[in-house]
Amino acid sequence: MDSQALEDMIRMGVEYFLIGIFLIFVVQAVDLRNEFAGTRNNRTDTTRQIQEYRAYSKFNQGICTGSDTGQHVFGDDIIEAIRGHEEGDLEIYVDHIGPGGASLYFDREEAKNHPEKYTVASLQTILNYTSEYHPYLIYNGNDPRNPTFYKEDMGEVTGIAFIWVREVRAHAE
């Protein structure tokens, strides 16, 4: 073996060693980037969950237990929910809005086609503020008018159903 071949082998060994170190750094950098991305995604998801909790905790009362008024809301709370989502980004269903027992369904199409029906003044005339309602959050695009979805509690909130419980006092006209 001559000295040139020995030098070439040593040079190749050093080159492969440097390539190996470079690849280790690349792998470590990609791993670090993935870890940062995972942490950022977790933070973003946690922030979204906290915002959702703050926005909907008032309406997340679970199954109605009857006359427990701590679980119920009134007409002004429903008006607040509708006005807070006046673009129709949340489907809202109220199953009993007056003496005739008519219902109210509010969604994106209603908000676009009939915005005059969802002003504060208009809502105050049709919603009985003395009625007690039990709120149910609706998840994942399910229909708030369908009671089978009132028991679900996982996913993205896409609607609220307000189910009439009782009249507290006579409605002042």
Side-chain angles (χ1 to χ4, degrees), residues 33-34 36-173:
R33 182 196 59 88
N34 288 342
F36 280 144
T39 301
R40 188 172 187 317
N41 287 342
N42 288 343
R43 178 188 281 165
T44 302
D45 190 49
T46 302
T47 301
R48 184 194 56 77
Q49 287 175 349
I50 290 170
Q51 288 172 340
E52 189 173 282
Y53 175 78
R54 286 181 180 164
Y56 303 119
S57 63
K58 180 181 199 175
F59 306 118
N60 190 13
Q61 300 299 329
I63 302 299
C64 184
T65 58
S67 62
D68 179 12
T69 56
Q71 291 184 323
H72 300 155
V73 296
F74 295 90
D76 55 342
D77 298 310
I78 298 171
I79 292 171
E80 176 188 340
I82 291 172
R83 295 297 300 155
H85 300 280
E86 61 188 308
E87 282 85 37
D89 58 325
L90 190 72
E91 293 180 62
I92 297 174
Y93 171 68
V94 184
D95 81 327
H96 182 88
I97 59 170
S103 64
L104 172 82
Y105 179 68
F106 176 76
D107 65 356
R108 190 175 308 271
E109 190 173 314
E110 272 290 305
K112 188 175 101 184
N113 295 335
H114 305 289
E116 71 285 349
K117 286 173 55 178
Y118 301 101
T119 63
V120 172
S122 175
L123 289 169
Q124 285 175 332
T125 61
I126 62 172
L127 279 169
N128 188 349
Y129 63 90
T130 62
S131 294
E132 263 183 52
Y133 294 88
H134 187 80
Y136 292 95
L137 293 180
I138 307 300
Y139 297 89
N140 302 324
N142 291 321
D143 187 354
R145 297 169 286 193
N146 187 339
T148 60
F149 298 120
Y150 297 170
K151 295 177 181 136
E152 292 186 9
D153 65 349
M154 295 295 287
E156 178 185 355
V157 174
T158 57
I160 305 174
F162 294 98
I163 305 304
W164 183 83
V165 176
R166 66 182 174 156
E167 284 298 315
V168 178
R169 61 183 185 270
H171 182 60
E173 298 290 334

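- Scanning both residues, Gly75 and Leu127, for their nearest heavy atoms gives O-CD1, 4.1 Å.
- When all heavy atoms are compared, the tightest approach of Tyr133 to Val94 is CE2-CG1, 3.5 Å.
- By the side chain to side chain contact (heavy atoms under 4.5 Å, CB included) test, Thr47 is found to be paired with Arg43, Gln51, residues two or more places apart in sequence or in another chain being considered.
- Distance check, rounded to the nearest 0.5 Å: CG of Asn41 to CG of Asn34 gives 10.5 Å.
- The minimum heavy-atom distance linking Pro144 with Ala161 is given by the pair O-CB, 3.4 Å.
- With a 4.5 Å cut-off on side-chain heavy atoms, Lys58 and Asp77 count as touching.
- Rounded to the nearest 0.5 Å, atoms CD (Glu109) and NE2 (His114) are 8.0 Å apart.
- Counting heavy atoms from C-beta on, the side chains of Tyr139 and Val157 come closer than 4.5 Å.
- The aromatic rings of Tyr105 and Tyr93 are tilted relative to each other, their planes meeting at an angle between 30° and 60°.
- Residues Phe162 and His134 form no side-chain contact, since every pair of their non-hydrogen atoms from C-beta on lies 4.5 Å or further apart.
- The number of heavy atoms from other shown groups lying within 6.0 Å of CD (Gln49) is above 12.
- By the 4.5 Å heavy-atom criterion applied to side chains, Tyr118 and Leu104 are counted as neighbours.
- Proximity of Leu123 to Arg83: side-chain heavy atoms (C-beta onward) are separated by under 4.5 Å at one or more points.
- Note: Ile50 CD1 to Asp45 CG = 10.0 Å, rounded to the nearest 0.5 Å.
- For residues 113-125, the set of pairs meeting the salt bridge (charged side-chain N to carboxylate O under 4.0 Å, His left out) definition, not counting sequence neighbours, comprises Glu110-Lys117.
- Here the CG-CD1 distance, from Leu90 to Ile160, works out to 5.0 Å after rounding to the nearest 0.5 Å.
- In summary, the aromatic rings of Tyr136 and Phe149 are positioned with their centroids too far apart to meet the 6.0 Å limit.
- Note: Gln124 CD to Thr119 OG1 = 8.5 Å, rounded to the nearest 0.5 Å.
- We find the CG-CG distance between Asp107 and Asp143 to be 9.5 Å, quoted to the nearest 0.5 Å.
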